[in-house]
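Order of listing sets the numbers, starting from 1, for every ligand and every atom in it.
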Amino acid sequence: MNLHELTIHEAQDLLKTKEISAVELTRAVLDRIQAVEPLVDAYITVTEALALKQAAAADKIIGQNTARALTGIPIAVKDLICTRGVATTCASKILENFIPPYDATVMKKLTAAGAVMTGKVNMDEFAMGSSTENSGIKITKNPWDRSRVPGGSSGGSAAAVAANMCLGALGSDTGGSIRQPASHCGVVGVKPTYGRVSRFGLVAFASSLDQIGPLARDVTDAAILMQTISGHDAKDSTSIDTPVPDFRAALTGEVKGLKIGIPEQYHALEGISPDVLSSVKKAMDFYRDAGAELVDVSLPHSQYAVAAYYLIAPAEASSNLARYDGVKYGARDTGAASLIDMYKNTRSAGFGPEVQRRILLGTYALSAGYYDAYYKKASQIRTLIKKDFETAFSACDILLSPVTPTPAFNIGENIDDPLTMYLSDIFTLSANLAGIPGLSVPCGFSNEGLPVGLQLMGNYFEETTILNAAYAFEQATDFHCRRPQL
Ligand code: GLN
């Protein structure tokens with residue numbers, strides 16, 4: 001087997017027994033990046049010299065038998081997580097030259113665990129999108145079919161994991177941006193409970209919804225990454241001080257007696273592709289056969305989730321993005337005659353069309369005359385959606401649904417139709433509005449050979465329950481073992 005194809009846990013074992021070195025492993029991944037990056041366009045920055053330096057340091061640590069959780073493991077990082085000394089662009093022209101003077105908390109944790117950073121990966125600009133087509137830098141291709149999108153906004157992370165251009169990656173999920181690309185690229189993606197992982201150093205899109213999480217080749221790897229990045233952080237006032245469980249130890253594969261809720265609204269939706277429905281149905285059969293109990297539940301307010309999300313997220317974004325004014329960060333128009341013109345020109349040239357659309361929508365929704373009609377109403381609906389989940393979780397342990405209505409669509413297919421694009425988030429947005437954890441695990445392939453994901457959502461801080469349920473499914477199937485031909 002080629003070293004770049006290893007899972008994190010396989011690589012850990014080989015590093016520990018010194019059958020391979022961290023430098024060999026990192027070199028193999030860097031060679032793989034060089035070979036397939038022109039086909040996939042997953043990376044914005046490859047940090048080759050840094051990676052080799054970190055790998056050499058890892059080999060020393062392994063030599064002294066003091067290896068930590070991720071010592072010598074090559075990981076890619078979404079380009080909106082601040083990395084000290086390494087450009088963090090958010091795939092935006094406005095931050096093209098921004099080099100953070102500090103590390104995000106998750107980066108500190110990765111480094112402390114001994115990880116090797118292979119580079120920063122592509123995304124929709126400021127994480128706004130579902131296809132990575134909104135990147136201001138390049139369009140990432142789906143490694144399974146390069147005429148298709150990898151999903152978004154963490155499309156670079158998902159494509160890099162699927163194409164073996166790293167062993168695992170970090171992404172961020174504001175309305176589905178980890179789960180949706182994971183589903184489209186045939187990898188595992190986890191959105192933790194809001195507050196489980198520190199957002200310090202994550203460039204803010206919609207602060208009350210954003211969460212960092214892992215993308216990985218299997219559930220065990222996702223659990224290993226979760227272990228490293230989770231935990232309370234005094235630097236993030238929304239971080240929650242609650243014990244971090246042993247995520248990997250929770251993977252027993254036992255689902256007997258587990259109560260799995262099937263949300264009626266998610267399965268009855270019009271327009272779900274038959275390929276998605278049949279894969280999800282087979283997953284339901286698996287759980288029933290394994291001794292889990294399937295129960296019907298209702299999420300009556302889910303029909304309003306897309307509308308509520310697309311008011312709340314742009315409202316928060318319009319406020320968060322006010323800081324890019326040409327004065328404090330990144331690009332600045334130097335030809336303007338006045339300060340106001342400098343602001344205008346910098347923002348007009350620096351932000352792409354989708355980001356500008358969101359800023360306009362958000363500013364409008366928050367303006368004095370419209371606040372009650374839009375932002376307040378959306379916030380009220382958010383509370384009702386949260387209550388729907390509370391009611392559902394009084395009758396079941398986890399919820400099962402599709403991740404997306406269709407497998408990966410063609411590049412260019414939805415880009416001029418923002419509403420269709422927004423609807424592709426219909427199954428994922430509610431978890432962010434409520435703050436509950438959710439994941440995507442590979443559950444099949446379409447007739448055209450495109451990966452299909454299964455979404456499992458859990459109650460607050462019940463990541464172990466959904467990870468274990470996903471693990472049980474993974475043990476019984478081989479979807480996660482298949483890799484795209486490149
Ligand atoms: N697709 C959604 C949006 O465009 C979610 C993005 C995300 O989770 N970052 O807002």
Side chains of T193 and E463: does their closest heavy-atom pair fall under 4.5 Å?
yes
I want to check something: taking the side chain as every heavy atom from C-beta on, are R179 and D173 in contact at a cut-off of under 4.5 Å?
yes
What are the distances between nitrogen or oxygen atoms of ligand 1 and protein nitrogen or oxygen atoms, counting only those under 3.5 Å?
unit_1: ligand 1; atom_1: 1 (N); unit_2: G129; atom_2: O; d: 3.0
unit_1: ligand 1; atom_1: 1 (N); unit_2: S130; atom_2: OG; d: 2.9
unit_1: ligand 1; atom_1: 1 (N); unit_2: D425; atom_2: OD1; d: 3.4
unit_1: ligand 1; atom_1: 1 (N); unit_2: D425; atom_2: OD2; d: 2.8
unit_1: ligand 1; atom_1: 4 (O); unit_2: G129; atom_2: N; d: 2.8
unit_1: ligand 1; atom_1: 4 (O); unit_2: Y310; atom_2: OH; d: 3.3
unit_1: ligand 1; atom_1: 4 (O); unit_2: R358; atom_2: NH1; d: 3.4
unit_1: ligand 1; atom_1: 4 (O); unit_2: R358; atom_2: NH2; d: 2.7
unit_1: ligand 1; atom_1: 8 (O); unit_2: T174; atom_2: N; d: 2.7
unit_1: ligand 1; atom_1: 8 (O); unit_2: G175; atom_2: N; d: 2.6
unit_1: ligand 1; atom_1: 8 (O); unit_2: G176; atom_2: N; d: 3.3
unit_1: ligand 1; atom_1: 8 (O); unit_2: S177; atom_2: N; d: 3.0
unit_1: ligand 1; atom_1: 8 (O); unit_2: S177; atom_2: OG; d: 2.7
unit_1: ligand 1; atom_1: 9 (N); unit_2: A127; atom_2: O; d: 2.8
unit_1: ligand 1; atom_1: 9 (N); unit_2: S153; atom_2: OG; d: 3.4
unit_1: ligand 1; atom_1: 9 (N); unit_2: T174; atom_2: OG1; d: 3.4
unit_1: ligand 1; atom_1: 9 (N); unit_2: S177; atom_2: OG; d: 2.7
unit_1: ligand 1; atom_1: 10 (O); unit_2: Y309; atom_2: OH; d: 2.6
unit_1: ligand 1; atom_1: 10 (O); unit_2: R358; atom_2: NH1; d: 2.8

Pairing residues for Q180 by the side chain to side chain contact (heavy atoms under 4.5 Å, CB included) criterion, not counting sequence neighbours
S130, H184, T404, S424
For the residue pair L467 and A222, what are the closest heavy atoms and their distance?
CD2-CB, 4.5 Å
Is any side-chain heavy atom of P192 closer than 4.5 Å to one of P437?
no
Of all the heavy-atom pairs spanning Y266 and P402, show the shortest one and how long it is.
O-CD, 4.1 Å
